[in-house]
Amino acid sequence: MGVVFPEGAFSIRTAEGETVLIRICELCGAAVVDAADTDLALHKRWHRLTGSANWVDPATGRVHGAAGS
């Protein structure tokens with residue numbers, strides 16, 4: 001059984017009533033807040049810079065990578 005991440009974006013509401021847009025990183029499954037200086041593109045650049053951009057889902061054998069992101 002592989003890990004299935006939601007596609008696209010979704011939003012949550014904070015206790016203060018603010019709506020926050022969340023995106024899921026398909027490389028690691030992290031929930032990334034879509035805000036100034038903390039967007040998904042910055043998160044994926046971090047994967048490339050740290051060498052953590054590629055991993056294999058052991059259940060499906062699918063290679064996840066940052067190519068093209």
Side-chain angles (χ1 to χ4, degrees):
M1 176 168 80
V3 177
V4 178
F5 302 121
E7 292 184 26
F10 60 95
S11 63
I12 59 171
R13 188 172 307 266
T14 66
E16 291 81 27
E18 297 177 1
T19 300
V20 178
L21 189 62
I22 303 289
R23 298 189 188 278
I24 300 297
C25 174
E26 69 272 7
L27 299 173
C28 69
V32 181
V33 175
D34 193 7
D37 299 326
T38 60
D39 64 358
L40 189 56
L42 177 66
H43 178 82
K44 287 183 178 180
R45 283 193 300 274
W46 174 84
H47 276 297
R48 286 193 301 274
L49 290 171
T50 62
S52 63
N54 297 309
W55 63 278
V56 177
D57 184 332
T60 65
R62 180 176 174 221
V63 176
H64 297 264
S69 45

_Let me confirm one number: the CG-CG distance from L42 to L49, rounded to the nearest 0.5 Å._
9.0 Å
*asked:* Restricting to side chain to side chain contact (heavy atoms under 4.5 Å, CB included), what partner residues turn up for A41, sequence neighbours left out?
replied: D39, R45
*Please identify each residue that fulfils side chain to side chain contact (heavy atoms under 4.5 Å, CB included) with T19, with sequence neighbours left out.*
S11, R13
*Do the side chains of T14 and V20 get nearer than 4.5 Å, heavy atoms only?*
yes
*Matching residue for I12 among V33, I22, L21 - test: side chain to side chain contact (heavy atoms under 4.5 Å, CB included)*: I22
